[in-house]
Amino acid sequence: MKVTICIGSACHLKGSRLVIEQLQHLVNVNGLSDKVELTGTFCSGHCGDNVHVTIGDDHFYLQPESTSDFFEKEIMGRLS
């Protein structure tokens, strides 16, 4: 599963670095490094209120404090 996190200027200011760090940690702790690929992209053109993240064609907007819920619901949920 490929998860792409925007690291453009707007998303960086909204906490994309923290989102990436948390996702990396959660992927490693759950032993999913062979199943989940985290990638970054410069401005995805979806500058909203939060950090833009995609899984396939699905778009999400995260805050650093919502990252663990996103991981449980969208990543773990899709791998179940």
Side-chain angles (χ1 to χ4, degrees):
M1 168 188 314
K2 184 175 181 179
V3 180
T4 304
I5 304 102
C6 181
I7 56 173
S9 299
C11 286
H12 174 74
L13 292 173
K14 295 170 189 160
S16 63
R17 181 183 58 79
L18 294 172
V19 170
I20 291 168
E21 288 174 357
Q22 289 179 34
L23 287 174
Q24 286 173 328
H25 174 74
L26 291 165
V27 165
N28 290 332
V29 164
N30 288 281
L32 299 174
S33 58
D34 59 333
K35 295 180 181 173
V36 178
E37 175 187 4
L38 299 176
T39 62
T41 184
F42 288 102
C43 191
S44 59
H46 293 274
C47 303
D49 293 327
N50 298 307
V51 177
H52 182 247
V53 177
T54 58
I55 298 176
D57 292 331
D58 295 328
H59 299 264
F60 304 92
Y61 296 90
L62 303 182
Q63 296 174 328
E65 52 274 5
S66 66
T67 303
S68 61
D69 289 337
F70 166 80
F71 180 83
E72 288 299 321
K73 180 179 178 188
E74 299 298 336
I75 295 177
M76 294 298 286
R78 292 170 191 241
L79 293 174
S80 302

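Atom OG of residue Ser80 and atom CD of residue Glu72 lie 9.0 Å apart, to the nearest 0.5 angstrom. Going from atom CG of Asn50 over to atom SG of Cys6 covers 12.0 Å, rounded to the nearest 0.5 Å. Between Phe42 atom CZ and Ile7 atom CD1 the span is 4.0 Å, to the nearest 0.5 Å. To the nearest 0.5 Å, the span separating CZ on Phe71 from CE on Met76 amounts to 5.5 Å.
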Practice item. Starting from the C-alpha separation in whole Å, work towards a yes-or-no answer on side-chain contact (heavy atoms from CB on, under 4.5 Å) for Phe70 and Ile55. Key: CA-CA 11 Å; Phe70 166 80; Ile55 298 176; 3.7 Å; yes
Practice item. Quick one: do Gln63 and Lys14 satisfy side-chain contact (heavy atoms from CB on, under 4.5 Å)? Show the steps, please. Key: CA-CA 7 Å; Gln63 296 174 328; Lys14 295 170 189 160; over 6 Å; no
Practice item. Quick one: do Thr4 and Lys2 satisfy side-chain contact (heavy atoms from CB on, under 4.5 Å)? Show the steps, please. Key: CA-CA 6 Å; Thr4 304; Lys2 184 175 181 179; 3.9 Å; yes
**Study point:** Val36/Leu79 under side-chain contact (heavy atoms from CB on, under 4.5 Å): CA gap, chis, key distance, verdict
**Key:** CA-CA 9 Å; Val36 178; Leu79 293 174; 3.9 Å; yes
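Taking both residues in full, the closest heavy atoms of Ile75 and Met1 are given as O-CE, 3.8 Å, listed atom of the first, atom of the second, then distance.
When the shell of 6.0 Å around CG of Asp58 is examined, it contains more than 12 heavy atoms from other residues, nucleotides or ligands. Heavy-atom neighbours of His12 NE2 from other residues, nucleotides or ligands within 6.0 Å: at or below the threshold of 12.
Hydrophobic clustering keeps Tyr61 apart from Leu23 (ILVMFWY residues linked when any side-chain heavy atoms are closer than 4.5 Å, directly or through intermediates). Under the 4.5 Å side-chain heavy-atom criterion for ILVMFWY residues, no single connected hydrophobic cluster contains both Val53 and Leu18.
For Arg17, the side-chain hydrogen bond (donor to acceptor under 3.5 Å, both in side chains) partners at least two apart in sequence or on another chain are Glu21.
Between Lys35 and Leu32 the shortest side-chain heavy-atom distance falls below 4.5 Å. Residues Leu38 and Ile5 form a side-chain contact, since some pair of their non-hydrogen atoms from C-beta on lies under 4.5 Å apart.
With Lys73 contributing its side chain and Ser68 its backbone, the two residues share no donor-acceptor pair below 3.5 Å. The closest donor-acceptor contact from the side chain of Ser66 to the backbone of Leu62 lies at 3.5 Å or more, if one exists at all. Between the side chain of Gln22 and the backbone N or O of Pro64 there is at least one donor-acceptor pair closer than 3.5 Å.
Side-chain contact check for Ser44 and His52: at least one donor-acceptor pair (N or O, by modelled atom type) lies under 3.5 Å.
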